[in-house]
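No experiment lies behind these values; they were computed from the predicted model shown.
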Amino acid sequence: MTIHSSHPDIIKRLKRAAGHLKSTIQMLEDEKPCLDITQQLQAVEKAITNAKRTLIHDHLDHCLKDALSGEQHPADETLGEFKEIAKYL
């Protein structure tokens, strides 16, 4: 299994999201204002969205490009994989 160059950045983004989520839970437990909690949830959502986008773009750039050049999978399989991952964009 190959670690892609984007994976450390994705891990960092997800750890940031985990920190924001932990803070959000604490804010709820401490009965902080709803606006503050909503802002914190927005930060969680943004961090996860950015991590997902980075992972998908990396996959398209590396894995599918290699597959299209015939190095890994038949074209039908590659097209199916592209359609499958496109659902998450």
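- Between His7 and Asp58 the shortest side-chain heavy-atom distance falls below 4.5 Å.
- Atom-to-atom distance recorded for Ile11:CD1 and Ser6:OG is 9.5 Å, nearest 0.5 angstrom.
- The list of salt bridge (Lys or Arg N to Asp or Glu O under 4.0 Å) pairs with a residue in residues 16-42, not counting sequence neighbours, is empty.
- Atom CD1 of Ile37 sits about 11.5 Å away from atom CD1 of Ile25, to the nearest 0.5 Å.
- Placement of Leu41 and Ile48 in two distinct hydrophobic clusters is found when ILVMFWY residues are connected by side-chain heavy-atom separations under 4.5 Å, directly or transitively.
- In terms of heavy atoms, Ile10 sits closest to Ala51 at CG1-O, 4.0 Å.
- Considering every non-hydrogen atom in both Arg13 and Ala47, the closest pair reads O-CB, 3.8 Å.
- Atoms CD1 and CG, on Ile85 and Leu60 in that order, are 5.5 Å from each other to the nearest 0.5 Å.
- Under the side chain to side chain donor-acceptor pair (under 3.5 Å) criterion, Thr24 pairs with no residue at all, not counting sequence neighbours.
- Put simply, CD on Gln40 and CD on Glu45 are 13.0 Å apart, with the number rounded to the nearest 0.5 Å.
- Contact detail for Ala17 and Val44: the closest heavy-atom pair is O-CG2, 4.0 Å.
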